[in-house]
Amino acid sequence: MQKSVNLQVNQLYLERGDRDLCQDLTFSVTSGELVRVAGENGAGKSSLMKALLGWLPIESGQIEYKGEDVTVHRDVLLADQLYLGHTPGIKTVLTPLENLRLYCPEASLQALEQALEHVQLGPYADIPAAQLSAGQKRRVALARLWLTDKPLWLLDEPFTALDHAGVLALEAHIKTHLDSGGAVMLTTHQTLLTLSAKTVELAAA
Amino acid sequence: MNYTSFFKAEWLSLLRRKQDTLNALLFFVMVITLFPLGVDPSSEFLAPAAGGIIWCATALSVLMAVEGLFKEDFNDGSLEQWLASGLSVSVLVLLKVLAQWLMVMVPLLLALPVLAQMLFLPWSSLLTVMGSLLLGTPALFLIGAIGAALTVSLRRGAVLMLLLILPLYIPVIIFATGAIRAAQLQMSVSGQLAILAAMSIVALALAPVMTAISIKASVN
């Protein structure tokens, strides 16, 4: 089944406390597109993600997903997205396998193990995540991308703490996702190695 | 993520972090052991006071258990994943509180008959004490969850949480100890127990919703 994504952001105005984060921000994310949100530290990249998911109130402007205003109907967007934040929700007392089973209960054991292989965590499947390094913990969360069929990925700093091979593997996987009609919106300070992205620049006011 | 996998993971993490639950239980045991030593170890004093001692010890250990209920979920980003999952956060809260309640209350109720003997609680009123705990503690946990969610993003929220929550615990304690006193006087206890049950049911209806709203406010 071909995935379809159509996210439109029109003249979005966000503020946090007394600080303006973005004014008149207009962009779209559609099937097959990789959108990179750029901006210096504190420019509001994460806040933009949170605004899309509805955790941060928007001051003015519209966010539409598949033609529906998400401030009215957020269910469609929530059902279509996979969000990985700065802290991606990995429980340190659980093993990578148990963490994945929490988020992907439908997947078979074999599929879960395969996903962990993809992120080079095969041998660590049964070790409590507390004993893993920062990069390995992030890989546990990223393994969900190999198990999901959600069309829209919202990735906040997915490359942080990843090594070179890890970045390449993730970029390759993002490429397959885009080719199958999915869309990815990500924030990063690193330059993308193999992918070309549409850049949305957040200027600090 | 679905509700079943969520509950399983919650239960598993509680089992992995046994020491936190044991702390609450140990605290309960300690208060009950030390109280007679500090005041008056005679049965004339302890038997009528037993209900009050047990309930205060329970309320304090419940507070200990729920104080950091969402702290780890907040720090590791799980709360964001709850909100992004599209599942009802109220139901997730309810499942989490249920797991915590089982983990704290089952050992506490098992230890209770022995501890009650240390306080010379008559066997005839033990059943009322257990009934009051079963009916009253869900309210304590659910109300505590609201406080824990409201203060989760604060670095030192523990004191604020106590101030928010303790006044709401008072009615539960009053009616629970009232029921135990009535049992000791061989009076009917159904009225007080019914009020306890009512408080838990109201908390069951309102607290998960309020907790979910607080979680959403804490995450941004």
Side-chain angles (χ1 to χ4, degrees), chain A residues 14-17 21 44 46-58 74-95 97-107 112 128-130 137-138 140-141 144 147-148 150 152-157, chain B residues 1-23 68-93 95-96 99-100 103 149-150 152-155 211-220:
Chain A
L14 287 180
E15 68 177 18
R16 183 156 200 170
L21 293 180
S46 304
S47 299
L48 178 60
M49 295 267 188
K50 289 180 178 178
L52 290 180
L53 290 160
W55 309 335
L56 197 72
I58 54 179
R74 204 174 292 277
D75 308 1
V76 190
L77 175 61
L78 282 183
D80 269 5
Q81 56 73 42
L82 190 151
Y83 167 77
L84 292 180
H86 268 280
T87 44
I90 296 305
K91 293 247 156 269
T92 50
V93 287
L94 301 181
T95 67
L97 201 59
E98 287 159 349
N99 268 302
L100 279 189
R101 202 173 279 146
L102 160 65
Y103 289 111
C104 315
E106 305 85 13
L112 294 176
K137 266 182 234 165
R138 182 153 286 274
V140 178
R144 286 174 59 191
L147 292 163
T148 184
K150 301 277 170 95
L152 176 61
W153 296 354
L154 304 171
L155 311 176
D156 197 355
E157 302 283 357
Chain B
M1 184 150 69
N2 61 25
Y3 297 119
T4 329
S5 76
F6 175 78
F7 188 77
K8 274 188 199 152
E10 279 302 322
W11 188 248
L12 203 58
S13 7
L14 278 175
L15 286 178
R16 297 269 162 86
R17 269 186 280 112
K18 277 194 277 304
Q19 64 279 17
D20 291 2
T21 326
L22 282 178
N23 275 349
L69 193 60
F70 301 113
K71 202 88 206 164
E72 213 180 276
D73 295 319
F74 178 74
N75 290 335
D76 68 17
S78 298
L79 291 186
E80 292 187 345
Q81 291 300 329
W82 296 11
L83 291 169
S85 68
L87 301 173
S88 154
V89 179
S90 305
V91 177
L92 295 179
V93 166
L95 289 172
K96 187 169 174 90
Q100 186 87 21
M103 201 64 168
L150 275 174
V152 72
S153 58
L154 307 177
R155 207 164 302 158
T211 311
I213 295 171
S214 316
I215 285 177
K216 201 169 169 190
S218 296
V219 157
N220 74 54

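Residue numbers start from 1 in every chain, and the chains themselves are labelled A, B, ... in the order their sequence lines are given, proteins ahead of strands.
- Looking at residues two or more places apart in sequence or on another chain, you find a side chain to side chain contact (heavy atoms under 4.5 Å, CB included) between B:A9 and A:L94, A:L102.
- Residue A:L52 holds its CG atom at 8.5 Å from CG of A:L14, rounded to the nearest 0.5 Å.
- With a 4.5 angstrom heavy-atom cutoff, A:L82 does not touch chain B via any of its atoms.
- No other option in A:A141, A:G85, A:G89, A:P57 has as many heavy-atom pairs under 4.5 Å with chain B as A:G89.
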Suppose we count any N or O donor within 3.5 Å of an acceptor, strictly below that value; which pairs fall between chain B and chain A?
residue: B:M1; atom: N; partner: A:Y103; partner atom: O; Å: 2.6
residue: B:S5; atom: OG; partner: A:L102; partner atom: O; Å: 2.8
residue: B:R16; atom: NH1; partner: A:V93; partner atom: O; Å: 3.0
residue: B:R16; atom: NH1; partner: A:E98; partner atom: OE1; Å: 3.0
residue: B:R16; atom: NH2; partner: A:E98; partner atom: OE2; Å: 2.9
residue: B:D73; atom: OD1; partner: A:K91; partner atom: NZ; Å: 2.5
residue: B:D76; atom: O; partner: A:G89; partner atom: N; Å: 2.6
residue: B:D76; atom: OD2; partner: A:K91; partner atom: NZ; Å: 3.0
residue: B:S78; atom: OG; partner: A:K91; partner atom: NZ; Å: 3.2
residue: B:E80; atom: OE1; partner: A:Y83; partner atom: OH; Å: 3.3
residue: B:Q81; atom: OE1; partner: A:R144; partner atom: NH1; Å: 3.1
residue: B:Q81; atom: NE2; partner: A:Y83; partner atom: O; Å: 2.8
residue: B:A84; atom: O; partner: A:Q81; partner atom: NE2; Å: 2.7
residue: B:N220; atom: O; partner: A:R16; partner atom: NH2; Å: 2.2
residue: B:N220; atom: ND2; partner: A:W55; partner atom: O; Å: 3.0

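- The minimum heavy-atom distance linking A:L112 with A:A107 is given by the pair CD2-CB, 3.8 Å.
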(message) Could you go through A:L21 and A:L48, starting from their C-alpha distance and side-chain angles, then the distance that decides it, and tell me whether this counts as side chain to side chain contact (heavy atoms under 4.5 Å, CB included)?
(response) CA-CA 9 Å; A:L21 293 180; A:L48 178 60; over 6 Å; no

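- The CZ atom of B:F70 lies 4.5 Å from the CD1 atom of B:I215; values are rounded to the nearest 0.5 Å.
- Looking only at heavy-atom pairs under 4.5 Å with chain B, the residue among A:I90, A:L53, A:L77 that has the most is A:I90.
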